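Remember, it's 1-based here, ligands and their atoms both numbered in the order they're listed. Treat the numbers as computed from the prediction; the structure is a model and nothing was measured. These numbers come from the heavy atoms of this one structure, side chains and all, not from hydrogens, waters or symmetry mates. We count residues from 1, following the sequence as given.
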Amino acid sequence: MQTNTEIPTDEFYRIKRLPPYVFAEVNKLKAQLRADGQDIIDFGFGNPDLPTPQHVIDKLIETVQKPKVTGYSASRGINGLRQACSRYYARRFDVALDPEDQIIATMGSKEGFANLAQAITAPGDVIYAPDPSYPLHAYGFIIAGAKIQGIPAITAEEYLAGVKDALAKADKPPMAIVICFPSNPTGMMADRSFYEEIVAIAKAQDIIILSDLAYSEIYFGEAPPSIFEFADPEDVMAIETISLSKTYSMAGWRMGFAVGNRRLIAALTRVKSYLDYGAFTPIQVAACAALDGPQDCVEEAREIYRKRRDVLVESFGRAGWDIPSPDASMFAWAPLPPQYAHLGSVEFAKLLMLKAGVAVSPGVGFGENGEGYVRMALVENEQRIRQAARNMKSLMQTSETVAAE
Ligand SMILES: Cc1ncc(COP(=O)(O)O)c(C=O)c1O
């Protein structure tokens with residue numbers, strides 16, 4: 001979401017609905033400091049730093065040299081790729097999905113989610129989305145003309161209670177409810193009873209569920225479930241998006257899936273057939289190799305994130321900043337240290353960058369309920385995480401000295 005905030009774009013109908021990007025201010029400062037030659041330890045952007053597994057790269061290189069792979073590909077994904085996704089759901093969740101009409105490949109899960117919002121939304125439709133949340137969950141629908149009702153969601157329990165409360169007060173149910181666990185930005189998981197209840201609500205009140213499962217494989221305790229462990233996709237109007245970006249460190253490859261209810265998949269397939277020709281075929285073939293090939297690379301990546309999480313929690317804790325340990329995702333969701341709470345998340349993020357050389361994302365960028373927190377992505381190595389904690393410690397000591405003077 002890079003925007004050039006200097007150029008006026010407000011005359012455009014859809015752009016008017018998009019506020020300036022909250023992270024832009026912090027990103028601008030980061031760019032300035034880097035241009036001045038300063039090293040910034042960057043926990044700001046959830047961009048995986050780990051390499052893509054070698055067998056996936058090899059498959060890409062092998063395929064790109066074959067004849068007939070350079071033309072337009074299939075918008076909904078080649079058959080083999082949809083079949084590989086179906087095998088993943090069977091193996092990982094014990095869920096049977098028909099690759100023919102219950103699975104579509106997307107160019108990253110972001111593209112699939114955004115185009116689904118376009119496909120199913122009429123102006124004025126109400127959507128319940130978690131707050132805080134990955135910005136696409138609200139803005140994908142806002143761009144499509146919908147009205148978003150943000151529901152506080154620091155935890156899954158809070159979100160469920162908020163959804164029930166909103167339903168009790170509403171004249172009519174929303175068109176759709178977004179769920180996203182493991183959550184970006186909070187790293188929270190939802191337990192099985194959460195899914196049972198949300199599915200029961202959706203069925204009873206005819207509400208579409210959009211489940212964003214981008215972090216299906218980045219977990220440190222129990223593995224997160226699929227929504228389809230709790231309902232047959234034809235019994236509930238639900239769709240789930242998954243991604244290869246974090247699972248196989250393939251963020252730049254742009255490969256994901258939307259799976260589930262046939263009517264929803266058909267709607268997304270129709271919209272996409274007008275908009276794209278699918279990902280480059282060699283990328284789709286390499287994505288099959290990722291899904292069907294050896295999975296120890298997934299376990300290795302998970303262990304790297306786990307160690308980074310532990311180092312972050314331990315070293316920042318020793319520096320005097322208590323950060324709760326996330327159960328899943330590649331993010332820590334850190335309440336502002338009490339002595340800086342008055343600054344708010346944007347000013348605190350700027351202070352941290354200027355005085356400690358550490359970049360974090362202000363929580364308010366994920367929704368108004370994210371104020372009072374910052375998000376730290378586990379995309380720096382252990383040594384740099386420790387260095388960041390030492391810098392933070394010096395900053396805190398200096399602030400104490402200044403306060404005492
Ligand atoms: C919750 C969530 N959903 C979707 C995405 C987008 O992922 P993809 O690379 O598959 O488009 C992200 C990326 O950070 C995310 O955090």
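Aromatic ring pairs are classed by plane angle as parallel below 30°, tilted from 30° to 60° and perpendicular above 60°; the pair H137 and F113 is tilted. Between Y89 and F228, the ring planes lie tilted relative to each other; the angle falls in the 30° to 60° range.
The residue among W253, F331, Y134, F257 with a heavy atom at the shortest distance from atom 12 (C) of ligand 1 is Y134.
Enclosure of atom CZ in R270 is not indicated, since only 12 or fewer non-hydrogen atoms of other residues, nucleotides or ligands lie within 6.0 angstrom. Atom CD of E303 is surrounded by more than 12 heavy atoms from other residues, nucleotides or ligands within 6.0 Å. Dense packing is recorded around CG of D296, with more than 12 heavy atoms of other residues, nucleotides or ligands lying under 6.0 Å away.
For ligand 1, the atoms sitting less than 4.0 Å from at least one non-hydrogen atom of G108 are 10 (O), 11 (O), numbered in the order shown with element in parentheses. Near C180, with a cut-off below 4.0 Å to any heavy atom, the atoms of ligand 1 are 1 (C). The atoms of ligand 1 that sit less than 4.0 Å from any heavy atom of K110 are 6 (C), 8 (P), 11 (O). Those atoms of ligand 1 that come under 4.0 Å of a heavy atom in N184, given as number and element, are 1 (C), 15 (C), 16 (O).
For the pair R302 and Y219, the distance from NZ or CZ to the six-membered ring centre is under 6.0 Å and the angle to the ring normal is within 45 degrees.
At a 3.5 angstrom cut-off on N or O pairs, E111 does not count as close to ligand 1.
S245 OG, 2.6 Å is the protein heavy atom nearest to atom 9 (O) of ligand 1. The shortest contact between atom 1 (C) of ligand 1 and any protein heavy atom is with D212 OD2, 3.4 Å. Among all protein heavy atoms, the one lying closest to atom 7 (O) of ligand 1 is S109 OG, 3.3 Å.
Proximity of G256 to ligand 1 is not established, as no heavy-atom distance is less than 4.0 Å.
Across all non-hydrogen atoms, the minimal contact from P152 to E158 is CB-OE2, 3.5 Å. When every heavy atom of A334 is checked against every heavy atom of M376, the shortest pair comes out as CB-SD, 4.2 Å.
Using a 4.0 Å cut-off between heavy atoms, A214 contacts ligand 1 through its side chain alone, with no backbone atom that close. Contact annotation: for S183 versus ligand 1, there are no heavy atoms closer than 4.0 Å. Residue contacts with ligand 1 for Y215 involve side-chain atoms from C-beta outward but no N, CA, C or O (heavy atoms, distance under 4.0 Å). At a 4.0 Å heavy-atom cut-off, ligand 1 touches R254 through the side chain alone. Contacts between K246 and ligand 1 below 4.0 angstrom, taking non-hydrogen atoms only, involve the side chain exclusively.
With no hydrogens or angles considered, no side-chain donor-acceptor pair links S75 and S273 at under 3.5 Å.
Taking the six-membered ring for Trp and the full ring otherwise, F366 and F23 have centroids separated by under 6.0 Å.
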